[in-house]
Each structure stands twice: as C-alpha cells, then as structure tokens.
Amino acid sequence: LPKQRLALSGLPRPLRRVFPSCGAAQRALITEMGGASSYLAMLAIAGFLFASWLATKISKIAGVSSIVLEITTGVVFGPGVLGLISDEYAECEHKRHFKCEVPADFDAILASGGSLGQSLDLIVGMDYCDPHNWDHHAHGEDHGAAGESHGDAHGEEHSAEGEAHGEAHGEAHGEAPPVEAPHGGDGAGGGGHGGEEAHATTPVPPTATAAATEAATTEPSVATAAATTATTSVPIALVPNWSPAPLEGAEDDEGDGGSKRRRLSGGGGGGAQYSSYAECLTKSCEAEVSHHCGLTPDVFTLIGHAGVALMIFESGMHFDFEKAAQVGPRACCVAVIGTILPLVSGAILTVIFGRPFMPDGVSVGTALAPTSVGIALRLLGEARVLQQDFGQAIITAAFVDDILSLVLFNILFSLKGEFNVMSTVVNPIIGIAFMAIAMAGAVKFWPRVINEVLLPKIRNVEGSKSSRKDEALFFLMVLVLLGYATITFFLGTHLWGCFIAGMSFACLSKDHHAHHVWVRQTKRVTSWMIRIFFAATVAFAIPIDKLLSFEAFWKGSLMGLGPCILSKVVCAPFMGPAKWVIGWAMVGRAEFAYLIAQMAAAANMVDAKTFSIVIWALLYATIFAPFVFRKVLQRYVAQYCQDEAGKEELAEDVH
C-alpha cells in the first residue's frame with residue numbers, strides 16, 4: 001500500500017528489508033501505532049552516535065588518532081553498507097530528488113522530441129547548455145542537404161548561404177520545435193551560421209520547450225522562470241522552497257559565434273567545453289544539485305561543518321604572537337614550503353592520474369596542504385618541549401601553514417566558475433589586509449579594551465556557579481566570531497574569519513584565561529560536532545565501491561606517501577638537527593584537510609574516484625604521522641634537549 005510504503009521509507013534500511021516481508025495487516029499495524037516509526041528512527045540514530053562515541057574511546061585507549069575509526073564507523077553503519085542511518089538523513093534532499101543520469105536511449109528521445117526525465121527537462125529549460133553546439137543524431141536526407149548547403153556557406157557568399165541554411169534546416173526539423181536562442185555567425189575558424197538566424201541541430205524535449213521558447217528572447221531571469229514553470233514534476237514539488245540557481249554569468253564566445261550561456265559553478269560549467277550535449281546536461285544538473293545542497297545541506301553535514309568552524313576558532317586562540325616574532329622568519333619559510341610542495345605535487349600527480357589540472361588537480365593539492373596543529377601541540381606538550389625554539393617553530397609553522405591553506409581554500413572555491421578578478425584576486429587581497437588589521441587589534445586593541453574597559457565594569461555575584469565576567473567574555477567571543485566569519489564569508493570563506501577571531505583573544509592574559517572560558521563552555525559540544533563530522537559528513541560522502549577498489553587504493557597510497565607525507569617531511573631542510581622533527585610534525589592532518597576534500601567533492605570539483613584517492617592519502621598521514629613523530633621527537637629530545645641526568649626520564653615521558 002502507498003501509505004505503508006511512505007511510512008516505511010523513513011526507517012533504517014535493515015528494518016525496511018524486514019517489514020515488506022510481513023503481511024499487509026502487520027504493516028498496517030506498524031504504521032498505525034502512534035510514534036512507532038519515529039521511535040525506530042531515533043533508536044537507529046542513537047545507535048549510530050553511540051558507535052561513533054565508542055570508536056573515539058577505543059582510539060584513545062589504543063593511543064591513536066580517532067579519525068580513522070570514526071570514519072570507519074560512519075562507512076560501516078552509514079547508508080552505503082549496513083544502512084543504520086537512512087538516506088533521508090544522510091543525503092541532501094535535492095540530491096535525492098534530482099536524477100541527473102541521461103536515459104539509455106538519449107539520442108532516440110531527442111530525435112522524437114520526448115522527455116528526458118523531469119530533472120533533465122528542467123535543466124534544458126534553464127538554458128545552461130546550448131543545444132546548437134552538438135549534433136546527437138542523424139537528421140536524414142533533409143539534414144544531409146542542409147549539411148551540403150552549410151558546407152557551401154564557407155564560400156564567398158557566406159552570409160547569403162548561411163541564411164539559406166538556416167531556413168532549410170528549420171523546415172527539415174519541423175516535427176520537433178527547438179528551443180530558440182540567438183546564435184550568430186561563426187568566426188573564421190567556426191564555419192558559417194549566417195546572420196542572426198536561430199540554428200538548432202538538437203530537438204529539445206517538449207516538457208521544457210513551450211515556456212522556454214516563448215521566453216528565449218527575453219531577459220535570462222525571465223527565461224529561466226518560464227522554463228522552470230513549464231515542467232511540473234512530483235520530485236521537484238517535494239523539495240520545499242526550491243528555486244533554480246541563478247546564472248552567474250554569460251559569455252560571448254567570438255570564436256564560436258553568438259552568445260553561449262555558461263553556468264559558472266563547480267562541475268556544472270565553469271566555461272568548460274563538453275564533448276556532448278548529454279554530458280553538458282548531466283554536469284549542469286549535478287552543479288544545480290550541488291548549489292542547492294550547499295545552501296541547505298543535510299543535518300549531519302550542517303553539524304559537522306559547524307564543528308569544524310568552532311575548532312578552527314579555538315585553534316586561533318593558541319597562536320603565540322611573542323614566540324612567533326622570535327622564530328617567525330624561519331617558521332614562515334617552513335610553512336610556505338610545506339604548503340607549496342603538497343599543493344604542486346598533489347596537482348601534478350592528479351594530472352598524471354588522468355584528471356584535469358583545474359579544478360581537480362588544484363582541489364586535491366589544496367586538500368593535502370593543511371597541517372594539524374592539534375597533534376603537534378599535544379605531543380610537544382607531553383614531551384615538555386613546547387617552549388623550546390624548535391617547538392615554537394613547529395607550532396608557528398603549523399599556524400602559518402593553516403593561514404596559507406585558508407587563503408588557498410578561499411581562492412579554490414572562487415575558481416568554481418571561470419576566472420574572476422574580483423573573487424580570485426581582489427577578495428583574497430582584501431582578506432589578507434583585514435587579517436593584518438585584526439592581528440594588530442589582537443595585540444594592541446582587544447587586551448586593552450577587554451581587560452581595562454569592559455571586564456572591570458562587570459561585577460560577579462557571590463554564590464553564583466559561573467562568573468559574570470566569564471559569561472561576558474564568552475558572549476563577546478561569540479559576537480567577534482560571528483562578525484569576523486560574516487566579513488570573510490563575503491570575501492570567500494567564513495573559516496578564515498573563524499581563525500582570525502580566535503587569534504583576537506590569544507593575547508588577553510598570560511594564563512590564556514579566554515581559552516579556558518571557551519573550552520569550559522563548548523568542549524563537549526565541539527567534541528560531538530567533530531565526531532559527527534568524521535563519522536557522518538566525511539564518511540557518508542565516501543563512495544564505498546570507489547574507495548574499496550584496487551585502483552583507488554594504489555593511487556591513494558602513492559598520493560599518501562608522496563605529496564601527502566614526503567612533501568611535508570622535507571619542508572624544513574635549513575632547520576639543522578631539528579629538521580626531521582619539524583618535518584614529521586607538519587605531516588599530521590585533521591579536520592580542515594578532510595573538510596576541503598569533502599566540500600570539493602560536494603561541489604563536483606573532483607569526481608568520486610579522485611575523492612576516494614584523497615581520502616586514502618589523508619588516512620595515510622592520519623595513521624602514520626603521530627607514531628613516527630613520537631619516535632623522532634623522542635630521539636631528538638634525548639639527544640639535544642636535556643642533560644645526561646634528565647634524558648632517560650624525558651624519553652620515558654615522550655614514550
């Protein structure tokens with residue numbers, strides 16, 4: 001029964017496999033019991049969260065990074081394997097309702113003027129792809145005659161023959177009226193399409209034709225709206241507040257003649273030239289899905305991204321301006337080398353693997369660039385060498401590396417479309433200038449205003465469990481976080497502002513009281529959000545069949561050992577005996593690297609195979625970096641940092 005099927009659709013996959021085998025009476029009883037299905041869904045989510053928590057605890061007992069087990073837990077219990085979490089909770093609603101695959105009989109459907117499916121018909125009406133640029137099927141004798149006329153059009157009477165060709169071609173295809181779009185005369189290298197006549201070699205499905213044809217000569221927004229209303233489909237109707245993504249630009253391609261509307265967004269266009277009309281429709285459909293899923297992601301993705309933003313804010317609060325001034329120049333050199341080498345080598349290896357340099361190569365290189373500050377910070381603290389020059393060099397280099405990676409991240413996602421001077425050049429420069437001003441404010445402005453003006457005016461209440469001054473400080477931190485994140489959001493990415501906001505509270509006191517206040521209020525929430533990020537946001541995005549393929553494994557191994565690990569290990573050749581300690585400290589990867597990979601995949605800037613390769617590469621660094629860094633640090637400390645009496649005790653601490 002439809003009612004039972006609809007009710008069972010929200011259940012975890014294992015239960016959906018069981019209940020359809022029951023009789024109609026049992027199914028009716030299950031669905032009619034108040035709250036039964038919602039309780040089972042809550043039970044499934046609770047089980048998934050418990051498994052993720054257990055993975056974290058087991059990793060802590062084993063003394064390894066929890067990232068690997070958390071991702072493994074998400075892969076196993078997610079929709080791809082056991083299905084404890086249903087697709088309804090794991091995927092963006094637009095991704096579930098849009099079907100971007102072209103039908104097997106694509107050419108026959110075009111020839112007959114039939115429907116390509118509700119999703120692709122909608123894309124056709126949006127005019128993201130120009131059907132005049134591809135010829136999908138034979139047009140019979142009439143098209144042959146038109147082709148001869150078209151070939152003759154390259155003579156001296158180019159314009160007149162072009163007009164004759166347009167008329168003959170229009171008559172030859174009267175059975176399926178095409179979407180008309182202005183397509184002027186081709187240039188010297190393009191062949192003749194005379195005058196301003198509309199030229200179409202590919203019939204468009206009638207589901208999108210009527211409104212699109214009527215609005216073809218109007219403004220783009222009007223044409224888009226008319227084409228959208230031309231197709232009424234149940235899946236699109238199920239998506240609340242859906243509206244087509246705006247065309248971000250149009251370009252006149254002189255070499256191709258006329259105006260070719262191009263979708264400037266990741267994977268769906270970006271000015272890319274597609275080999276076929278089918279590929280253009282598919283990629284544009286995927287870009288449409290990516291656009292809307294970026295605006296309204298699924299709940300697990302939203303929680304995970306929020307957790308990464310909070311973690312980056314907290315990371316900025318660890319920045320030590322005084323130590324950075326002492327070891328800054330050489331640490332900055334380490335950070336620059338440690339950022340450029342993975343970026344370049346990762347992009348080159350991606351091209352060798354057969355993917356384009358833009359956007360795939362740059363996306364992979366950017367995902368491999370960030371360093372995990374947390375791993376190095378924890379191990380250096382355990383070894384009691386955090387205040388040593390090489391320890392501060394590691395932390396400073398890791399922070400500068402993260403800053404450079406944020407700039408790369410900002411530029412990367414501004415390149416989703418064609419090159420734009422404002423978003424790719426001007427906005428990052430403005431962001432760097434804003435960061436410089438904010439850093440000056442972190443040293444000179446905020447300590448004076450907070451410690452001497454704001455906090456002295458607030459009185460604590462006796463007997464209160466929490467200090468009002470701490471509450472006021474926490475409230476101010478939230479305001480600065482939201483303010484700075486909003487500013488840099490309009491410059492490219494909110495994460496940049498999160499880090500700058502954290503740096504603003506790094507100099508308030510020697511005992512880092514602001515950091516203690518923040519951790520006391522947000523530690524458990526942030527921990528759960530980061531756990532969900534790895535177990536759900538990252539794990540659910542991994543294509544299981546691609547990840548477990550031998551091709552993804554060996555390519556990921558090569559990517560992991562080379563651009564991901566080796567490029568970081570050799571980034572400090574001028575740092576003397578500490579060069580290997582610093583190099584291995586820079587190898588660790590954590591939330592930010594996985595976030596870049598996941599967002600690039602979500603934006604269709606890398607395909608499923610490449611995303612799986614990057615995950616393998618990052619897992620290599622995540623697994624091996626802490627172990628090797630611990631051993632190298634132990635050896636270095638025992639040899640250089642203590643007198644003979646204290647070497648054995650310190651070595652035991654490091655171990």
Side-chain angles (χ1 to χ4, degrees), residues 97-151 153 165-183 186 190-193 197-213 216 223 227-228 230-233 235-236 253 256-258 260-263 267-269 271-289 604 607-608:
H97 295 310
F98 268 76
K99 303 300 179 184
C100 295
E101 298 82 5
V102 297
D105 53 348
F106 180 74
D107 291 341
I109 292 176
L110 288 181
S112 63
S115 172
L116 296 174
Q118 295 154 339
S119 299
L120 290 183
D121 285 348
L122 192 66
I123 299 300
V124 169
M126 291 178 184
D127 198 24
Y128 289 155
C129 299
D130 189 343
H132 305 105
N133 298 316
W134 297 280
D135 187 7
H136 286 277
H137 56 286
H139 292 284
E141 296 179 358
D142 290 333
H143 183 269
E148 293 176 1
S149 175
H150 182 275
H165 168 69
E167 295 174 358
H169 192 83
E171 295 174 359
H173 302 288
E175 73 280 4
V179 174
E180 297 184 359
H183 192 72
D186 281 356
H193 295 277
E197 295 292 331
H199 176 73
T201 62
T202 304
V204 178
T207 51
T209 299
T213 304
T228 303
T231 303
T232 58
S233 60
I236 302 303
D253 203 346
D256 229 7
K260 289 171 60 178
R261 302 177 60 78
R262 292 175 175 180
R263 175 116 183 253
Q273 299 295 328
Y274 299 113
S275 60
S276 65
Y277 184 47
E279 181 186 2
C280 181
L281 290 178
T282 300
K283 294 298 183 181
S284 296
C285 179
E286 291 173 353
E288 185 73 15
V289 173
N604 291 315
D607 63 358

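Between the side chain of S119 and the main chain of F98, no donor-acceptor pair closer than 3.5 Å is present.
To the nearest 0.5 Å, atoms CD (E101) and CG (L120) are separated by 8.5 Å. In this structure, CG on D121 lies 9.5 Å from CG on L281, to the nearest 0.5 angstrom.
Smallest separation of non-hydrogen atoms from I109 and P103: CD1-CG, 3.5 Å.
No option in L110, I123, V102 other than L110 meets the side-chain contact (heavy atoms from CB on, under 4.5 Å) test with L116.
Residues satisfying the side chain to side chain contact (heavy atoms under 4.5 Å, CB included) test with A108, not counting sequence neighbours, are D105.
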